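As structure tokens, the structure follows; a few thoughts come after it.
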Amino acid sequence: MDKVYDQTKTEEKWYKFWEESGFFKPEVNPDGKPYTIILPPPNANAPLHFGHAMYVVEDILIRYHRMLGDSTLWLPGSDHAGFETQVVFEKQLEKEGKSRFDYDRETLYQMIWDFVQDNKGTMEGQLRKMGFSVDWSRMKFTLDPDIIKIVYKTFKKMFDDGLIYRGTRIVNYCTKHGTSFSDLEVLYEDRTTPLYYIKYGPLILATVRLETKFGDTAVAVHPRDTRYQQYIGKELDIETVLGPAKIKVISDEAVDPEFGTGVVKVTPAHSMVDSEIGKRHNLEVRQVIGFDGRLNEKAGKFAGMRVKEARAAIAKEMQEKGLIEKIDESYKNRVGVCYKCGTEIEPLPLEQWFIKVGDLAKKAIEVVKEEKIKIYPKNWETTYFRWLENIKDWNISRQIVWGMQIPAWFCKNCDKWIVTEGETPNKCPSCENVSLERDPDVFDTWFSSGQWPFATLKASRPGGFEKFYPTSVIETMYDILLFWVARMVMLGIYSTGKIPFKDIVLHGKVLDPLGKKMSKSKGNVVNPIEIVEQYGADAARMALVYGTAFGHDQALSHPKLQAMRNFTNKLWNIGRFIIEFAPEDAKHLDKNATAIQSLSNSNDQEILAKLNKTGEAVGKAIDQYRFHDGADALYEFIWHEFADKYIEQSKDRRTETQPVLEYIFRTSLELLHPFMPFITEELWQKLPHEGKSIMLANWPGKNPF
RNA sequence: GGACAAGUAGCUCAGUUGGUCAGAGCGCCUCAUUUACACUGAGGAGGCCACAGGUUCGAGUCCUGUCUUGUCCACCA
């Protein structure tokens, strides 16, 4: 054995061996009970960052269950990540002085496709370097034709079941990116915005959005507000920057009499709340801001201005005309912005596809309340329930090209939508019209990834779905519990009638060494390969689970990585001591470990008892998703009990203890294997053993004696 | 406005159902050894476990309140 452990050479060698031997496939344990994890598909638009290395806990679960004899499947994939990817790609185009509008739909789609293919290769290499035992033969991409087919089928079924409707609603719209978003995708920022107290005839009302006043189709007060009773139902003559106008006064419960003057302007086209009020009172929806973020012709001389400049110009002119009572410059509010570019989100009326989520959400709540699905750590249940209990219909249309184009065609003759499972209808079934127009929009990427567990299993291998669904665990970072996990529960139950997984396991965020969030713009993103090359994959894996309670955020810690690299060095040297420096006359571990049973030295008894205890602790820790407990128990036992105490004591009676040393070490390696797969394989192979790989060794159960 | 998490040695963090739980890694100090391992071993210094009350024979560990930090949610014009 080399004096120094060569991690790079060893890691490459074993990964290749495992993969080529087919050990990652569930078929290595054909008779075992199924144990399944679907890998949360990383975005195909960029290489992995170090946070993705947290997949290690899935590998721990998978390797552990494989050793338990389960028919274990870890199914990998990658996500086209619709809008995310298009944004990344558009930035690249921007650098070349181009924009998405320079290309037609097909060309742009093809260009992004090629871009994504490169990244997919990089990503797969990274996953291999971390030692992840995914079944590569079942790898899926969210835009694979068979996946698309399944997603279309779901859409059609939902449409037929009346769960999908086409409607004009106020949507969250980013005028820079030219697309709408779901509520979850809107970020809110604290701002200080001037609050204008403006005169509407005899009334004074407070607003920040002067520029939407041309879309006002009423003013509203609270029905029981005594100050304004005489105005309710009347039409007021008001003076505006565009001349005299008339406006109706209505009363609505949604108005808070405490805010401002208790009077609000109602702009159904540009506010969610106002739209609701408008519906209740049958108000006209008058859109004054266009999808380009500029005021339209209804704004008179302000037409063509961007929202911000229009607001300033209107304020100036109103002040000159004496229409502004006062301005509160220190008013604090929250403004919705695009999570990618920070542009203020415009609520705009747009016709989109929506999912009625009420009943789906109810079922998703039920299965968790009934503990058919359990969430770890449990406190996330609160977040999950709160969101689902207050959920609103889900806008799934996106005005981009990168994604699955919605399989819906419009017939102008009948004023009707025709939805299919993807095939292009050659004519309208009602009127025989042949010039149908397809909706250019694509699905929200979460609509398709919400179907990932059953879609991948149905698409990867015949019988796969029947055998491996429902899956055992979904493990991901807590930040996509609502975006993704909750949607998978809803869509999974809807499509298959069964829950998509039994346990939801949520890990924390990996921060940079200073405890700051990693982001491309800050330039502090760490590539997992760098860490692997510096410390070894085993150390990188161990460092992520050791010393931080599972589920909590943690900073990337070089001292901890060093400590874990030192631990691999310790393991290597224990190995050298036991294997390389064995006395020539020593007995060795035999098949049934009988040589150990005959020993009665109290040191031997003690270490064997501690080994058993450690084995139990590790199994229990993994079962309960308390990975840090398992890592801690192993580190403590191997280094401080076995190496520091037992091995030191054994030096006096080396010949006799050799089988015990071999037994304890081999068993320790087996227990450690899910955490540190490479070095454990390397050393296990050098010890007396049965079988081709530690990967397939039996998990050392309780009380091996 | 609400929710969740965290506040424990200089730093980073463990301490599931209250009673060897006052711990680990790194750092620091002393000593040892060419030892299987210096990516080492033995030992040591360092903490009113955020603060204030309370429950209890007994509380980092339970309850109440306060403060600080972080994250998330919410249509306040």
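We name chains A, B, ... by the order of the sequence lines, and we start the count at 1 in each one. Fair warning: this is a prediction, and the values are worked out from it, not measured in the lab.
Taking the charged nitrogens against the carboxylate oxygens, A/Lys686 and A/Glu580 have no contact shorter than 4.0 Å, which rules out a salt bridge. A salt bridge links A/Arg280 and A/Asp252; the closest N-O separation between the charged side-chain nitrogens and carboxylate oxygens is under 4.0 Å. In this structure, A/Glu648 does not pair ionically with A/Lys645, as no charged nitrogen and carboxylate oxygen lie closer than 4.0 Å. By the 4.0 Å N-to-carboxylate-O rule, A/Glu284 lies too far from A/Lys248 to be salt-bridged with it. Comment: A/Arg386 does not engage A/Glu389 in a salt bridge, judged by the lack of any side-chain N to carboxylate O separation of less than 4.0 angstrom.
Checking B/rC4 for Watson-Crick or G-U wobble geometry (two distances, each under 3.5 Å) identifies B/rG70 as its partner. Applying the Watson-Crick and G-U wobble criteria (two distances, each under 3.5 Å), B/rC37 pairs with nothing in any strand. Applying the Watson-Crick and G-U wobble criteria (two distances, each under 3.5 Å), B/rU64 pairs with B/rA52. B/rG10 is paired with B/rC26 under the Watson-Crick or G-U wobble criterion, all donor-acceptor distances under 3.5 Å. Nucleotide B/rG58 forms no Watson-Crick or G-U wobble pair with any nucleotide shown, as no partner meets the under 3.5 Å limit on both distances.
When the C1' atom is used for both B/rU61 and B/rU20, the distance is 15 Å, rounded to whole Å. Across B/rA3 and B/rU17, the matching C1' atoms stand 25 Å from one another, rounded to whole Å. A distance of about 27 Å separates the C1' atoms of B/rC63 and B/rG23, rounded to the whole Å. The P atoms of B/rA77 and B/rA5 are separated by 29 Å, rounded to the nearest whole Å. B/rC72 and B/rU66 are spaced 24 Å apart, taking the P atom of each and rounding to whole Å. With both ends at atom P, the span from B/rA24 to B/rA59 equals 24 Å, rounded to whole Å. The separation of B/rG7 from B/rA52, taken at their C1' atoms, amounts to 16 Å, rounded to a whole angstrom. The same atom, P, is picked in B/rC57 and in B/rG65; the two are 24 Å apart, to the nearest Å.
Seen from the ring of A/Phe577, A/Lys651 counts as a face-on cation partner, given the 6.0 Å and 45° thresholds.
The stretch residues 263-276 of chain A comes close to RNA chain B through A/Val264, A/Val273, each having a heavy atom under 4.0 Å from the strand.
With B/rC39, B/rA74, B/rA3 as the candidates, the nucleotide lying closest to the side chain of A/Asn569 is B/rC39.
OP1 and OP2 of B/rG70 both lie 4.0 Å or more from every side-chain N or O belonging to A/His552. For A/Lys570 and B/rA36, the shortest distance from a side-chain N or O to OP1 or OP2 is not below 4.0 Å. Regarding contacts with the backbone of B/rA24, every side-chain N or O of A/His628 stays at 4.0 angstrom or more from both OP1 and OP2.
Between the base of B/rA36 and the side chain of A/Lys651 there is a donor-acceptor pair shorter than 3.5 Å. Between the base of B/rA36 and the side chain of A/Glu648 there is a donor-acceptor pair shorter than 3.5 Å.
In this structure, the side chains of A/Lys265 and A/Thr212 come closer than 4.5 Å at one or more pairs of heavy atoms.
Here the rule is ring pair (Phe, Tyr, Trp, His ring centres under 6.0 Å) with A/Phe627, and of A/Phe550, A/Tyr64, A/Tyr376 only A/Phe550 fits it.
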